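Input: a single structure, listed below in structure tokens.
The sequence lines fix the lettering, A, B, ..., with proteins before strands; numbering per chain opens at 1. Just so it is clear, the structure is predicted and the values come from calculations on it, not from any experiment.
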Amino acid sequence: MSIQELSEQEIIRRNSLQRLRELGIDPYPAPEYTINANAAEIKENFNAEEKNFQDVSLAGRIMGFRIMGKAAFAELQDHTGRIQIYVNRDEICPGEDKTLYNEVFKKLLDIGDIIGVKGYVFITQTGEISIHVKEFTILNKSLRPLPIVKEKDGKTYDAFTDPEQRYRQRYVDLIVNPQVKDVFVKRTKIVNTMRQMFNEYGYFEVETPILQPIPGGATARPFITHHNSLNIPLYLRIANELYLKRLIVGGFEGVYEFAKDFRNEGMDRTHNPEFTVMEIYVAYKDYKWMMNFTEQICERVALALHGTTKVQLGDNVIDYKAPYPRVTMTEAIKTHTGFDISGKNEKELREICDKLGIETDPTMGKGKLIDEIFGEKCEHHYIQPTFITDYPVEMSPLTKKHRDNPELTERFELMVNGKELANAYSELNDPIDQRERFEDQLRLSEKGDDEAMFIDQDFLRALEYGMPPTSGMGMGIDRLTMFMTNSASIQDVLFFPQMKPEKKAIELTEEEKTVMALLKEKSPVALAEIKEKSGLSNKKWDVSIKKLTSNKLATVAKVGDELMVELV
RNA sequence: GACUCAGUAGCUCAGCAGGUAGAGCACAUCCCUUUUAAGGAUGGGGUCCUGGGUUCGAAUCCCAGCUGGGUCACCA
């Protein structure tokens with residue numbers, strides 16, 4: 001990067017960096033900086049009478065300056081928050097030489113620099129707990145200005161809000177928008193809470209392949225890649241279900257995985273091409289047991305995060321207190337549409353869809369039609385946590401048939417705020433039934449359903465060796481985090497959401513190069529003449545010459561009645 | 001993918017019956033106090049997203065594109 005591409009502020013900071021080196025100060029020192037306190041604990045525990053925190057050492061990023069004559073205040077931000085520091089000239093510089101204060105502190109430091117300070121805690125006249133600095137150390141010189149957000153009386157000024165910049169430069173977002181960090185702290189707490197719970201139960205955290213020869217366990221379009229040595233296509237997993245079940249076959253009685261899954265589909269407020277799902281499989285359990293277990297997870301996570309089971313989400317307050325209502329899909333459809341779908345065939349279901357104003361197409365089978373009715377007419381009603389149970393067999397190819405009704409399966413989805421949060425089954429472990437279900441999927445695929453499942457022969461082989469009755473559940477961690485942190489968009493709960501690639505800035509354009517070449521032939525030259533020679537449109541000419549003059553490569557001056565262009 | 005809104009200084013934004021750009025913060029120089037979105041004075045800083053068109057003249061009008069937001073669709 002040439003110096004010309006730097007902004008004035010960046011140049012000033014680079015000059016400051018140079019000046020620090022001239023003064024014998026290393027702007028990027030190597031030694032460990034020992035810290036014995038942080039902003040939050042000082043603010044929480046300082047007591048003026050007890051005279052505690054009288055020898056503190058902490059480090060952080062400078063987020064604000066209030067510099068005066070021989071005293072200065074700055075805001076220091078560490079991972080726990082911000083605290084004010086007070087710097088007095090004659091204490092920092094006891095002798096005659098005041099360079100350290102007048103030049104280094106006041107001029108060479110900028111917002112964004114990382115420093116360490118040692119001193120004692122006191123309360124200022126305005127009542128602010130602050131650190132009286134006796135010694136400071138530059139730990140990192142920042143070369144780019146941060147967008148500084150200011151706040152007074154609850155009003156925010158100059159907020160850093162542009163979503164594109166916030167997502168592309170999440171590091172900046174995290175520095176200047178403290179509430180952003182809070183979401184990610186909560187996200188980790190959610191995962192830790194779940195992991196702790198599963199481990200208490202004695203379940204086993206595992207890792208299974210992300211690169212899979214057959215993308216199974218869900219219905220979705222996969223990302224495809226290629227393995228050079230083996231010369232075979234491989235898919236990024238869309239789910240890990242079939243591998244976790246193989247482990248149950250292998251003798252583990254409870255396995256779980258926090259898995260990144262990948263789906264090559266649309267992106268929107270609730271979908272990112274890579275996302276995180278927790279899947280858990282427990283042997284000798286059924287979906288009824290899993291409902292109880294799932295309630296416990298949600299209740300426990302809500303309590304861990306908020307100390308209560310009631311969590312604000314948009315305009316609603318969701319109460320995660322167990323137990324949650326269990327509603328069969330048939331009941332749900334009956335309640336919200338008045339139609340009883342039980343025992344209806346495909347033709348009858350299509351008629352119901354017509355009456356409800358739901359569009360259908362010929363590729364839709366029975367299961368898909370029922371799914372459409374539920375999705376259109378019922379799903380959004382379930383704001384408070386509710387288990388929707390007993391899905392039709394056609395749309396649940398990995399689920400055991402219902403113990404009381406072979407048309408249905410032992411499956412539930414946990415609905416929260418009108419959206420699916422978790423999906424669980426009594427897992428299908430009858431290998432012959434499983435093979436038939438896969439073959440049904442194949443027929444659907446031939447009928448035009450492009451997201452029907454592939455047949456995984458190795459998985460069938462595993463089932464033929466025998467899998468104990470098992471219940472499994474998958475929960476969307478991104479979605480759970482959105483619910484638990486009141487975030488409207490999945491981008492707000494992912495550190496680095498998928499974005500289109502950033503466009504690179506170009507240097508001189510072809511047009512500008514043309515003008516420069518002409519100028520090198522003849523300079524000064526009449527503006528009209530060179531414009532003519534360049535063959536550029538009015539606008540192109542205008543833009544090019546402005547760029548050149550602004551970069552001080554050429555000048556335009558009026559000589560007599562004629563405009564002249566001159567190479568600088 | 002469709003519709004819609006937006007893209008102007010490092011940040012937040014104003015300017016748009018077309019006449020080559022402004023504010024606050026940030027930055028620089030100076031004054032100053034235990035101050036707080038500090039205050040006061042002065043100053044520097046802009047491919048007005050890109051390309052094309054209309055025009056004597058475009059940040060402003062028209063067309064196309066790029067990037068992003070929102071809504072919807074597809075998709076779990």
Side-chain angles (χ1 to χ4, degrees), chain A residues 5-13 15-16 63-75 82 84-88 106-107 110-112 122-128 130 132 143-168 172 176 218-221 238-239 261 263-273 275 277 359 371 375 379 395 413 419-423 450-451 474 476 478-479 488-491 499-503 505-509 511-512 537-540 542-551 556:
Chain A
E5 291 166 30
L6 296 174
S7 70
E8 183 199 20
Q9 292 189 44
E10 289 172 304
I11 292 166
I12 288 165
R13 285 178 181 229
N15 291 341
S16 298
M63 296 302 288
F65 267 121
R66 287 179 289 283
I67 288 185
M68 301 155 223
K70 55 186 192 220
F73 295 86
E75 296 283 329
R82 291 188 190 181
Q84 176 170 270
I85 62 171
Y86 168 73
V87 177
N88 182 292
K106 274 169 66 174
K107 293 189 179 164
D110 290 294
I111 288 173
F122 75 112
I123 298 182
T124 64
Q125 290 182 351
T126 48
E128 173 105 12
S130 307
H132 192 123
L143 295 181
R144 276 178 191 264
L146 282 172
I148 283 300
V149 181
K150 295 192 173 179
E151 201 177 305
K152 186 178 188 181
D153 302 331
K155 266 184 81 177
T156 305
Y157 300 81
D158 299 331
F160 180 65
T161 52
D162 180 9
E164 181 177 3
Q165 290 202 61
R166 285 189 46 223
Y167 300 143
R168 281 199 200 282
V172 174
V176 303
T219 53
R221 273 204 298 279
I238 56 174
D261 289 348
R263 297 187 183 176
N264 205 342
E265 290 167 349
M267 292 162 58
D268 62 25
R269 218 172 18 150
T270 56
H271 297 88
N272 195 66
F275 59 103
V277 175
E359 282 183 36
D371 189 33
E379 197 172 58
M395 52 189 288
E413 288 194 358
K419 306 247 166 54
E420 174 200 344
L421 176 59
N423 183 14
D450 60 357
E451 55 180 43
D478 308 295
R479 195 163 282 183
S489 163
I490 196 169
Q491 294 172 310
M499 305 281 282
K500 288 198 190 178
E502 211 169 346
K503 221 171 58 178
I506 35 158
E507 300 186 13
L508 282 188
T509 64
E511 290 84 349
E512 288 153 2
S537 69
N538 283 335
K539 176 149 190 167
K540 238 347 186 176
D542 195 52
V543 167
S544 304
I545 194 68
K546 273 183 190 163
K547 167 86 175 285
L548 294 176
T549 53
S550 69
N551 283 324
V556 180

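Straight-line distance between the C1' atoms of rG44(B) and rA28(B): roughly 7 Å, to the nearest whole Å. Using atom C1' as the reference point in both rU67(B) and rA26(B), the two lie 26 Å apart (nearest Å). rU33(B) sits 45 Å from rG7(B) when the P atoms are compared, rounded to a whole Å. Rounded to whole Å, the C1' atom of rG15(B) lies 9 Å from the corresponding atom of rU8(B). Rounded to whole Å, the C1' atom of rA14(B) lies 27 Å from the corresponding atom of rG51(B). Atom name P, nucleotides rG19(B) and rU35(B): the rounded distance is 48 Å, in whole Å. Nucleotides rA73(B) and rU12(B), compared at atom P, are 31 Å apart to the nearest Å. When the P atom is used for both rC48(B) and rU20(B), the distance is 15 Å, rounded to whole Å.
The salt bridge (charged side-chain N to carboxylate O under 4.0 Å, His left out) check on Arg66(A) picks up Glu75(A), with sequence neighbours excluded. For Phe65(A), the ring-ring contact (aromatic ring centres under 6.0 Å, His included) partners two or more places apart in sequence, or in a different chain, are Phe105(A). Every residue meeting the salt bridge (charged side-chain N to carboxylate O under 4.0 Å, His left out) condition with Glu413(A), not counting sequence neighbours, appears here in chain and number order: Arg411(A). Considering only residues two or more places apart in sequence or on other chains, Thr161(A) meets the side-chain hydrogen bond (donor to acceptor under 3.5 Å, both in side chains) condition with none of them. Listed by chain and number, the residues in a salt bridge (charged side-chain N to carboxylate O under 4.0 Å, His left out) with Asp478(A) are Arg187(A) (sequence neighbours excluded).
With rounding to whole Å, Ile85(A) atom CD1 is found 16 Å from rU34(B) atom P. Look at CZ on Arg144(A): it is 16 Å from P on rA9(B), rounded to the nearest Å. Taking atom CZ of Phe275(A) as the reference point, atom P of rC75(B) lies 15 Å away to the nearest angstrom. We find that CZ of Phe160(A) is positioned 15 Å from C1' of rC25(B), with the value rounded to whole Å. Going from atom CG of Asp478(A) over to atom P of rA76(B) covers 16 Å, rounded to whole Å. Rounding to whole angstrom units, CG of residue Asp268(A) and P of rU71(B) are separated by 9 Å. When the P atom of rU35(B) is taken as reference, atom CZ of Phe73(A) falls 7 Å away, rounded to whole Å. Note: CE (Met267(A)) to C1' (rA2(B)) measures 17 Å, nearest angstrom.
Residue Gln125(A) has a polar side-chain atom (N or O) positioned under 4.0 Å from OP1 or OP2 of rU35(B). Contact annotation: Arg168(A) side-chain N/O to rG68(B) OP1/OP2 distance is under 4.0 Å. Note on Ser7(A): every side-chain N or O is 4.0 Å or more away from OP1 and OP2 of rG45(B). Close to rU35(B), at under 4.0 Å from its OP1 or OP2, lies no side-chain N or O of Arg66(A). A close approach under 4.0 Å does not occur between any side-chain nitrogen or oxygen of Arg82(A) and OP1 or OP2 of rU36(B).
Within 3.5 Å, a donor on the side chain of Gln84(A) pairs with an acceptor on the base of rU35(B), or the reverse. Put simply, the side chain of Thr124(A) and the base of rU35(B) share a donor and an acceptor less than 3.5 Å apart. Looking at Asp162(A), its side chain has no donor and acceptor atom pair within 3.5 Å of the base of rG68(B).
Considering only the side chain of Glu164(A), rU67(B) comes nearest among rA76(B), rU67(B), rU35(B).
Here the straight-line distance linking atom NE2 of His132(A) with atom CG of Asn88(A) works out to 5.5 Å at 0.5 Å rounding. For the atom pair Glu420(A) CD and Glu379(A) CD, the distance stands at 7.5 Å (nearest 0.5 Å).
Here rU60(B) sits opposite no nucleotide as a Watson-Crick or G-U wobble pair (both hydrogen-bonding atom distances under 3.5 Å). If you check rG1(B) for Watson-Crick or wobble pairing at under 3.5 angstrom, you find it paired to rC72(B). Using Watson-Crick or G-U wobble geometry with both donor-acceptor distances under 3.5 Å, rA38(B) finds its partner in rU33(B). Remark: rC25(B) base-pairs with rG10(B); criterion is Watson-Crick or G-U wobble with both hydrogen-bond distances under 3.5 Å.
Within the 4.0 angstrom heavy-atom criterion, no nucleotide atom of any strand lies near Asn423(A). Nucleic acid contact class of Gln491(A) (heavy atoms, under 4.0 Å, all strands): sugar-phosphate only. Using a 4.0 Å heavy-atom distance criterion, Gln165(A) is classed as a sugar-phosphate-only contact. Within the 4.0 angstrom heavy-atom criterion, no nucleotide atom of any strand lies near Thr270(A). Among the heavy atoms of the strands, none lies under 4.0 Å from Arg479(A).
In terms of modelled atom types and a separation under 3.5 Å, the side chain of Gln165(A) and the main chain of Asp162(A) share no donor-acceptor contact.
With its glycosidic angle more than 90° from 0, rA64(B) adopts the anti conformation.
The two atoms that bring Arg221(A) and Ile238(A) nearest to each other are O-CG2, 4.3 Å, heavy atoms only.
Using a 4.5 Å cut-off on side-chain heavy atoms (C-beta onward), Phe73(A) and Ile67(A) make no contact.
Toward the 5' end of RNA chain B, the nearer of the two residues Arg263(A) and Thr126(A), judged by each one's closest nucleotide, is Thr126(A).
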* Structure fact -> Each nucleotide of nucleotides 26-33 of chain B classed B (base within 4.0 Å of a protein heavy atom), S (only sugar-phosphate) or -, in 5' to 3' order, makes BSS-S-BB

